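One structure is given below, encoded as structure tokens.
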Amino acid sequence: MSDHSAVLDAHQDEHVAHQFANAKQQYESSNLGMWLFLMTEVMFFGGMFGAYVIYRTWYPEAFKIASTATNVPLGAMNTVVLIVSSLTMALAVQSAQLGKKKMLVWMIILTMFFGAWFLGVKAIEYSEKWHHHHVPGANFIWEGDGGREVQILYCLYFAMTGMHAVHMVVGLGIMTWLLLTAIKGHYTPKYYNPVEICGLYWHFVDIVWIFLFPMLYLI
Amino acid sequence: MQHNTMPFFPDSASTIAPEIDGLMIAELLFSVFFSVLIFAIVVYFALKYKRKSEDDRPVHIHGSLVLEIAWSLIPFIMILGFFVVGTRVFFRAYTVEAANTMEIFVTGKQWMWKIQHPEGPREINEMHLPVNRQVKFTMIAEDVIHSYFIPAFRLKKDVIPGRYTSFVVTPTKVGKYHLFCAEYCGTQHSGMVGSVYVMEESDYEKWVAGGDESMTARGEALFGQYGCSTCHLPNGKGRGPSLIGVYNSMQKLQTGGSVKADESYLRESILNPRAKVVEGFQAVMPTFQGQISEEGLLQVIAYIKSLEKEEGQ
Amino acid sequence: MDQHQEHHVAPSSMYYAIFAILICCTGLTYFVWTIDLGFLNIVVALSIAIFKATLVIRYFMHVKWSPILSKMAVATSLVFLGILLVLLSMDYASRGWQPKSTGWEKHQVTQ
Amino acid sequence: MSAYVETPDAASKVNYLTNGWTWQSWLLTGDHKRIAMLYLISITVFFALGGAFAAAIRLELMTPRGDLMEAETYNKVFTMHGVIMIFFFLIPSVPATLGNFLIPLMVGAKDLAFPKINLLSWYLYIIGGILGLYVAVSGGVDTGWTFYTPYSSTYSNSAVIATAMGAFVAGFSSILTGLNFIVTIHKMRAPGLTWGRLPLFVWAHYATSLIQLLGTPVVAITLVLMMLERGFRIGFFDPALGGDPVLFQHLFWFYSHPAVYIMILPGMGVISEIVTCYSKKSVFGYEFIAGSSLAIAILGFFVWGHHMFVAGQSTYAGMVFSLITFAVAVPSAVKVFNWAATMYKGSISWDTPMLYAMGFMGLFTIGGVTGVMLATMALDLHMHDTYFVVAHFHYVMVGGMVMAFMGGLHFWWSKMTGRSYPEMAGRVSAFLVFIGFNLTFFPQFIVGYLGMPRRYHAYPDEFQVYHVMSTAGAGVLGIGYLLPAIYFTYSLFAGKRVTDPNPVNAKGLEWTVPTPPPTENFIVPPVVTEEVYAYAEQEEKSLV
């Protein structure tokens, strides 16, 4: 492919932004961009994982006690809910690849539904903690042993799940945008790039939860 | 305190100071050599090959693997020597060598240094030490991070809230030296300074004798004052274990496992009694977090340690 | 320029199969939690989490069929996360080994 | 303009500066060149502000007693100096201005991969900057730019959260810039522009961007945890709440040590370009300079513990960090030796950019070797947190980075603005900066070894003579920076117009486009057929 035709390509394809030579370059660039962004996200959560590792080894007893007070059935349910939403997201990408517009729209709606479900459950868990005075800060009361150390776990619990929930909310915002554009029929088998990179983000948030669940609830 | 107006080297008053100065001079020579080398090369080339006309056509030189390896490896091997020596000297600042090492306890708070001598004297922003005797500093902060810095000894160590840090030094020269806080600690950081007086051994003995009761005695008083003695009966029949001979012994824990009852365990057990309860006892001891000062803690621990000594005799 | 031909389109059956494995793993994690294996609890829970994450990355995120750069991004983030965690733990693990430690400096009392 | 008659498009006569005069055409632009100019202006403002704070510090330290300002004011002044210079000047300086402007041109792309994200990153920078300014005018912050806990999270009574928020937001600006660069360098290179032909400026920015992507998020989350601790009294780092203050230092330096490489690596890229052009030589050891950039970026993540030798970190961990820190000295040394070797048998011009580059080589070497001293654990016992560290840091950052930035700005000034600057004034300012800089910071090595601690607002009398020298030097340095500020501003509006696309006969794709470049950069997509820095084969003229 000569460069001249690349220029023509760019003019022909409405989805190719002016700075790119062709659709392939645009596709690869945005894909790489999202992967790099996820790389920074790994490090973003990594700081908290580091703190978790240190305090988990410092206060093993307190962490064991504290995790008994978490609501494991709700956490497990949320894990399942997120895995389902990951499946629907993956199927959304597949529908976009195959050009099944109706399926794509439904899959995005389902993904959002499960995302919202997750946040709803999270809200229930948070209010439960608030009710039991397990929210660190002035309100914190711990009847059992080692209150100070237990509180550290709850600090980490709220920081990590809170940061995860913020990512979920952002994800829902992105999904809303994706839904609107999908309904308008923006995506074709030739151009489904945004669906795919939003999917990458969604799966990443799922993966974070896959680790948070055992770390904060089980061990 | 005679200071010339433009000093180049600080006073040298500890055994470690000449070692650090020696290393410093070695690295300084290394640094000067390479800096001068680069400056000389750059200036020499800039003069020698100064552009004469816009039509100059210098030849292309791709590079040289031999040179690259040479100027990576040679400096690296040189600085590896610094690494070895530097690390050894660094370790010496933490190693207790002498048998008659004396202990000094330092508490840092915004913005003063509180110094305790086990024999009794307590000082603020001043520290008296005998010459030629190894001293081990054990330090803790009450609020934020400070750093205990004596330039004449070439030593500093951060003083951290919540845990003890330490270093070891042997003063070698009688005199008065600066004491600084080197870690930024708030508004009056630059006012958190004081003086170190290194004295002849005999002068020091005289000075110590002028102080009041010893840390152990003070600790014993606190032991009674806080009601510790009502549970920790010497015969072991109280609600808490007897503390005689506890120091540095292995204690079996309620939760299984055992722990050596060293200073940091004693400290933890006073501040957070339920963390590691000794087997056969209930977790009934209240926390003393926020009730006992850092200085008081040091005194109580000194008292508990002294109980062990008596047992040993 | 047709992405349809360039990019792998996985069959739905694969997504459902992966989904089933993920759900089973979650069930297994839950089951293991109910029985006490001591120290092994942590190992099992984290191993399953790592396994699940690998599945999601490889199949749902299409890394299996992705260009080398995506794989490198995954590898790089893991390597640097590893650097952070390992060097961090290095300090905490060796805190108690101060030369000729007399006990004052140790933060954590080992069991 | 006659040089471009052969370009196919008449619209090419409109360059990026003349393409639209409205506010929107600047503030909502996607053009990387305009965004670079926006950055240049905002960064200059912050540099001036940070410089003003520096001047206040130097004036205060003229006398041993704190008689110019209260201790509290002084603490706020040095904190603002640090925060502004680090987060709002040094980190974005070269990447966001020169890098933004030049990387698409150097790789032969029409723009960065994500122009809107590029604009977003400028806005994030501005939001962060406004938070910083808000703090500066509303009472200040006194934690030092390092925000050490528990002082920052519990004891300080100043605007810590707003400042940390500013740094946090500016951090995302930095991440997005890095992301844009990496994608652009990977995916948008012109045909024929292989990795082995990439200008070293691009290599340096590639390495920088890697650090920005991998390091910045860690400090972002650390600052969030610190703000949570301060805002809600929940424990992460405060020992009173069961946390470990040293953990904050670990997480902070995990980014903030590599961050000094974010600051210096782009400067090294600039120097590689200047040295080759003004020596008319191909660079000596291209692979080694490129490789050492990557080596510095990666090794940089292994050495953060050298900030904590005496901070209560384990001695053995310190030993490992010390050893790796020594290893980082090697790639840095390789670079300096290669630049020096590049000058060998060259045709060396004494123009302003080259003067800055030569200054950089010397001063960076001093900064580097004193870094080796500080990496020695025993010496760090004495010199940690003293003026020796201050001097070392400024030798690398001001003697290194700012020198490189000034050199690069002079080098590409005509390309960026289509105007020339007065050469003589440029040389004078380069000399003034060099002299003033050394006079300011060299005495600090001595006073540091004497034991003068950092962040002191009053100090013992015997240190005074060195502080007076420092303050005098700072005056000269100030004039050295004021001069370019004046003649660049003059040049921007009334300087002699430059139309020659390549007035200095430099190599690289950025010199093949018209001056100033058109909005689309390349009217005809370039194809690279020549090796990088092909100065020796000057006869073969252009690259296209």
Side-chain angles (χ1 to χ4, degrees), chain B residues 3 5-8 10 20 23-24 27 31 34-35 38-39 41-42 45-46 49-51 56-61 63 68 71-72 75-76 79 82-83 86-87 89-91 93-94 143-145 147 149 151 154-158 160-162 165 178 180 182-190, chain D residues 71-72 75 144 148 150-151 155 239 245 280-282 284-286 288 310-312 315 319 322-323 326 329-330 333-334 336-337 340 343-350 358 361-362 365-366 369-370 372-373 376-379 381-382 384-385 446 450-451 453 455-458 460 462 465 536 538:
Chain B
H3 283 294
T5 49
M6 201 167 161
F8 277 103
I20 288 179
L23 193 59
M24 170 73 187
E27 296 206 19
S31 301
F34 277 101
S35 306
I38 293 292
F39 265 108
I41 291 176
V42 168
F45 285 173
Y49 304 115
K50 186 160 191 249
R51 190 171 292 178
D56 284 351
R57 288 284 174 273
V59 289
H60 173 80
I61 304 169
E68 301 286 352
W71 63 44
S72 320
F76 186 62
I79 58 182
F82 296 144
F83 166 72
T87 309
V89 174
F90 185 84
F91 271 67
Y94 295 98
D143 35 42
V144 302
I145 300 176
S147 189
F149 177 32
R154 308 284 186 278
L155 272 180
K156 75 166 64 64
K157 179 86 182 178
D158 280 14
I160 303 171
T165 55
H178 288 298
F180 292 130
E183 181 66 62
Y184 176 67
C185 60
T187 313
Q188 289 302 332
H189 169 55
S190 53
Chain D
E72 202 179 333
N75 294 343
Y148 269 18
Y151 185 70
Y155 290 87
K280 283 198 178 180
K281 283 274 305 287
S282 168
F284 189 91
Y286 171 88
F288 289 91
V310 297
T315 324
M319 204 167 89
S322 168
L323 182 61
F326 280 116
V330 173
V334 164
V336 176
F337 282 121
M343 292 171 71
Y344 174 64
K345 285 194 174 170
S347 161
I348 294 162
S349 148
W350 283 51
M358 291 192 284
M361 283 186 249
T365 306
I366 298 181
V369 289
T370 50
V372 169
M373 290 178 169
T376 315
M377 292 175 88
L379 295 188
L381 267 181
H382 178 55
H384 182 80
D385 271 334
I446 302 169
L450 286 175
R455 299 172 170 181
Y456 262 34
H457 134 275
E462 67 262 31
V465 62
Q538 200 86 3

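Hydrogens, waters and symmetry mates play no part in the numbers below; they use all other heavy atoms, side chains included. Only a predicted model underlies this, so the values are computations on that prediction, with no experimental measurement involved. All chains are named by letter (A, B, ...) in the order of the sequence lines, taking the proteins before the strands, and each is independently numbered beginning at 1.
A donor-acceptor pair under 3.5 Å is formed between the side chain of Lys281(D) and the backbone N or O of Tyr344(D). Remark: side-chain polar atoms of Lys156(B) are paired, donor with acceptor, to backbone N or O of His384(D) under 3.5 angstrom. Looking at Thr165(B), its side chain never comes within 3.5 Å of a backbone N or O of Gly312(D) through a donor-acceptor pair. Checked by atom type and distance alone, the side chain of Arg51(B) pairs as donor or acceptor with a backbone atom of Ser347(D) at under 3.5 Å. Looking only at distances, a side-chain donor or acceptor of Asn75(D) sits under 3.5 Å from a matching main-chain atom of Thr187(B).
Contact count against chain D (heavy-atom pairs under 4.5 Å) is highest for Pro58(B) among Ala182(B), Ser72(B), Pro58(B), Ser35(B). For the set Thr376(D), Asp385(D), Leu450(D), the count of heavy-atom pairs under 4.5 angstrom toward chain B peaks at Leu450(D). For the set Ile145(B), Leu155(B), Asp143(B), the count of heavy-atom pairs under 4.5 angstrom toward chain D peaks at Asp143(B). Interface check for chain B: of the options Met361(D), Met358(D), His457(D), Met373(D), the most heavy-atom pairs under 4.5 Å are formed by Met373(D). Of the listed residues (Val369(D), Leu323(D), Val330(D), Ile348(D)), the one with the most heavy-atom contacts under 4.5 Å to chain B is Ile348(D). Ranked by non-hydrogen atom pairs under 4.5 Å with chain D, the options Ser147(B), Ala93(B), Pro75(B), Cys185(B) are led by Cys185(B). In terms of heavy-atom pairs under 4.5 Å with chain B, the best-connected choice from Ala329(D), Ala333(D), Gly144(D), Ser322(D) is Ser322(D).
In this structure, Tyr94(B) has its ring center under 6.0 Å from that of Phe90(B).
Heavy-atom distances place both the backbone and the side chain of Tyr151(D) under 4.5 Å from chain B. Proximity to chain D (any heavy atom under 4.5 Å) is shown, for Ile61(B), by both the backbone and the side chain. Using a 4.5 Å cut-off between heavy atoms, Phe39(B) touches chain D through its side chain atoms alone. Of the two parts of Phe149(B), only the side chain, counted from C-beta on, holds a non-hydrogen atom closer than 4.5 Å to a non-hydrogen atom of chain D. Contacts between Phe337(D) and chain B at a heavy-atom distance below 4.5 Å involve backbone atoms as well as side-chain atoms. With a 4.5 angstrom heavy-atom cutoff, Ile20(B) touches chain D via backbone and side-chain atoms both. In this structure, chain B has heavy atoms under 4.5 Å from both the backbone and the side chain of Val334(D).
Within the 4.5 Å cutoff, the side chain of Pro453(D) has no heavy atoms near those of the Glu183(B) side chain.
For Tyr155(D), the OH atom counts as densely surrounded, since its 6.0 Å shell holds more than 12 non-hydrogen atoms of other residues, nucleotides or ligands.
Taking the six-membered ring where tryptophan is involved, the planes of Phe180(B) and His178(B) are essentially parallel, since the angle between them stays under 30° and well short of 60°.
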